[in-house]
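Proteins come first, then strands; the chains are lettered A, B, ... in the order of their sequence lines, and each starts at number 1.
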Number of protein chains: 2
Amino acid sequence: MDLTMELRHLRYFTAVAEALNFTRAAAQLRVAQPALSRQIQDLEVEIGVDLLRRSPRGVTLTSEGKLFLEETRELLKRADESVAKVRALARGEYGELHVGYAPSPSVEVLPPALAAFQKAAPRVRVVRHDLASDEMIARLLDGTLHLGITVEPSADVSGDILFEELRRYRFCVALAAGHPFARKKSLKLEEIASQPLVGLSRRDYTEYYQLLDRIFAPVKTRPRIAVECDGSTSMLTELEAGNAIGIVSELFRRIAGRRLVYRRVSDSIESHSIGIARTKKRDVTPAGEKFCDILRQVARELRHEKTKPKG
Amino acid sequence: MDLTMELRHLRYFTAVAEALNFTRAAAQLRVAQPALSRQIQDLEVEIGVDLLRRSPRGVTLTSEGKLFLEETRELLKRADESVAKVRALARGEYGELHVGYAPSPSVEVLPPALAAFQKAAPRVRVVRHDLASDEMIARLLDGTLHLGITVEPSADVSGDILFEELRRYRFCVALAAGHPFARKKSLKLEEIASQPLVGLSRRDYTEYYQLLDRIFAPVKTRPRIAVECDGSTSMLTELEAGNAIGIVSELFRRIAGRRLVYRRVSDSIESHSIGIARTKKRDVTPAGEKFCDILRQVARELRHEKTKPKG
DNA sequence: GCGCAGCGATGCCTTTTAGGCATAATGGAC
DNA sequence: GTCCATTATGCCTAAAAGGCATCGCTGCGC
């Protein structure tokens, strides 16, 4: 036997069960009373159970009718909610958003973006994934990640990856306040190269050495890395000791703050950018698009902030 | 805007979403492919969200489609369950059944009936209410009780109450095995009346004294209640002591068991019945009817058991 | 590179069914 | 009994689902 029960039957039944009167329920539903009468009859025949007791003064619910009313209300509510959820998902206001991020590079844009996004789309669960650059790309490609906030990936891995720059940071020299160079306003590449440098470990951070090559390309001298650190924290410690200076991103200031001083490199324009990474193929969900919009807005505000005097 | 989404749309959508192919889904649903195509289009237009990505090799679900598929499956399942519940309720296999009972009188019929009923209708929650006779009637009338298992109510309170006898018990004499009367096979009213009797308290059990009046109506002598007890337990203790004998229902044997001996009253045919009490007006639920059937069956079996030899 | 196979969409017509109108049947209240 | 409000029935109309033929698309194999 085919079930042909439709939501219409349920809508009609709840109306009658609530009005306890076919005529009034029909008026409310904007259908004629006989049409309503017949639909309810069809429903009862289909279920095979009397749901209503008719009388010349209206109707009463049988105990089966009472149970069915509860069920029916719940069902109609859930049907509405289902549609609402799907619409919310399409508007980017529902669902999950998996965002990969590199903690240090994203330090400036991510926290305010997350805050703004949660305010704009509170029903979206944002799942943050702290990932290294290569793993982030892998997970963007396999679809477990919607977006990544990262430094610009090198061309050889970014085949199916789209990168959109949000912020560009120059490199500068970080050093302890007591270091002799701290008296200078800016430094030249030759000067820097004459000093022993604090850097990241050659094994784990090959891209750092590629960067140094780029920075020092204009001059003949090559810098000497006297101390190799395994991360920005140990680098900070080493620099604070005051024995050496280091080439770092402007962003370093955001992380390390006022414990060090920073000096421009007068004869270098090298910079790196951080931004949004996503796949070219797979569509970013609406929530992802919304998050991108907010990231762009945050980046725009950060740019304007810089031109204003510090608060 | 009126929602005209129907369960048909959901059924069709799940079919397509599971087959990932309109043609095959249509075949499964036994409708033509264009009809299915159109229904799905209608659904998408109504929700205002694309649920499927069409391609010449079939369809894939959008993320909205995936969410809607989950929701839809759940909804269709719940709709089926709702109908199943209502049908089960109508068959007396679902819902709640509130049964009032007087513990002592119902001791023989109720336990086996409950066991049999729970086996026959495991999804019905039977709520047992241990109630005194007058409260039971009140709660039958106000509808919080479907059935009562009790002694026959007196005519003055049973206006809207229907009583159906299940079992009839004679009265007999209970006494300690060591009592002189224990040697006799049966006792006469005159003999009994000559002895001091153990009885129930005059204050709480007026019907017990009406009963004694009925039993001793055929003879001139009136029995003398030497000890008044506040219930069957204390009566049992008193009788075991062996100082006196008591007039009790045959049922007493079921409660007190072999700790006492029981003797027929040869010249009395007085008896009392226990049975089902229900309202005349309010319909007993199907589960209630089912329970009544089982009670009758249990009573029938008890009657036959008696004719067979014990053991 | 072209045709073919398989798929979904479209146009048009048929069938089914929901719905409307008039009216009958029902059954308490007086 | 009559009246009244209420639900049910009969008949017709309108709307919507469904069926058939066909188109258009696209990816694959030759």
Side-chain angles (χ1 to χ4, degrees), chain A residues 1-62 64-65 68-69 72 76 281, chain B residues 1-47 49-62 64-65 68-69 72 76 280-283:
Chain A
M1 167 187 158
D2 256 34
L3 270 195
T4 55
M5 185 177 82
E6 294 294 345
L7 289 180
R8 181 186 50 257
H9 294 115
L10 307 188
R11 286 189 269 261
Y12 284 10
F13 174 72
T14 49
V16 174
E18 280 169 6
L20 292 176
N21 178 312
F22 273 80
T23 316
R24 266 176 292 158
Q28 241 182 301
L29 293 167
R30 302 176 173 281
V31 293
Q33 168 268 316
L36 178 57
S37 227
R38 210 120 40 172
Q39 289 296 313
I40 300 290
Q41 283 174 26
D42 291 350
L43 177 64
E44 288 179 312
V45 167
E46 169 145 343
I47 300 183
V49 172
D50 284 354
L51 300 171
L52 300 170
R53 258 185 302 270
R54 281 85 164 163
S55 89
R57 304 191 335 181
V59 290
T60 54
L61 290 165
T62 62
E64 289 82 8
F68 196 62
L69 177 59
T72 282
L76 291 174
K281 301 288 169 69
Chain B
M1 168 189 160
D2 255 32
L3 269 196
T4 55
M5 184 177 82
E6 295 294 346
L7 289 179
R8 180 185 52 258
H9 294 115
L10 307 189
R11 287 190 269 260
Y12 285 11
F13 174 73
T14 49
V16 174
E18 280 168 6
L20 293 176
N21 178 310
F22 273 80
T23 315
R24 266 176 291 157
Q28 243 182 298
L29 293 167
R30 300 174 175 283
V31 293
Q33 169 267 317
L36 178 57
S37 227
R38 212 122 36 176
Q39 290 294 313
I40 300 290
Q41 283 174 26
D42 291 349
L43 177 63
E44 289 180 312
V45 167
E46 169 145 342
I47 299 183
V49 172
D50 284 353
L51 300 171
L52 301 170
R53 256 186 304 269
R54 280 83 165 166
S55 90
R57 304 189 338 178
V59 289
T60 55
L61 290 166
T62 62
E64 289 82 7
F68 196 62
L69 176 58
T72 282
L76 291 174
K280 280 177 184 164
K281 299 287 169 69
R282 209 180 300 273
D283 67 326

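Per the geometry, CG belonging to B:Leu36 stands 15 Å off P belonging to D:dC20, to the nearest Å. Atoms CG (A:Leu43) and P (C:dT17) sit 16 Å apart, rounded to a whole Å. For the pair A:Gln33 CD and C:dG19 P, the computed distance is 13 Å after rounding to whole Å. In this structure, the CD1 atom of B:Ile40 is 13 Å from the C1' atom of D:dA17, given to the nearest Å. If you take CG of A:Leu61 and C1' of D:dT7, they are 16 Å apart, rounded to a whole angstrom. Taking atom CD on B:Glu6 and atom C1' on C:dA18, their separation rounds to 11 Å, with Å as the unit. Rounding to whole angstrom units, CZ of residue B:Phe22 and P of C:dG8 are separated by 6 Å. At whole-Å resolution of the value, CZ in B:Arg53 and C1' in D:dT26 are 17 Å apart.
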Check against side chain to side chain contact (heavy atoms under 4.5 Å, CB included), A:Val16 and A:Asn21: CA-CA 6 Å; A:Val16 174; A:Asn21 178 312; over 6 Å; no
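Here the closest non-hydrogen pair linking B:Leu10 and B:Thr72 is O-CG2, 3.5 Å. In this structure, B:Leu36 and B:Phe22 approach most closely via the heavy-atom pair CD2-O, 3.4 Å.
Ranked by how close their nearest DNA chain C nucleotide is to the 5' end, A:Arg8 and B:Arg57 are led by B:Arg57.
Between the side chains of A:Arg53 and A:Thr62, not a single donor N or O lies within less than 3.5 Å of an accepting N or O.
If you check D:dG10, C:dG8, D:dG19 against the side chain of B:Val31, the one that comes closest is D:dG19. Set against C:dC7, D:dT7, D:dT9, the side chain of B:Asn21 has C:dC7 as its closest nucleotide. Nearest to the side chain of A:Pro34, among C:dC21, D:dG19, C:dG28, sits C:dC21.
As judged by a 4.0 angstrom heavy-atom cut-off over every strand, B:Gln41 is placed among residues touching the sugar-phosphate backbone only. A:Arg30 comes within contact range of the sugar-phosphate backbone alone, with a heavy-atom separation under 4.0 Å but no base atom that close.
Taking 4.0 angstrom as the limit, A:Arg38 places none of its side-chain polar atoms (N or O) nearer than this to OP1 or OP2 of D:dT9. The side chain of B:Ser37 places an N or O atom within less than 4.0 Å of a non-bridging phosphate oxygen (OP1 or OP2) of C:dA9. Between A:Thr23 and the phosphate of D:dT7, there is a side-chain N or O to OP1/OP2 separation shorter than 4.0 Å.
When A:His9, A:Arg11, A:Glu44 are each tested for a side-chain hydrogen bond (donor to acceptor under 3.5 Å, both in side chains) with A:Gln39, only one passes: A:His9.
For D:dA17, the base has no donor-acceptor partner in the side chain of B:Gln39 [N/O atoms by modelled type, under 3.5 angstrom].
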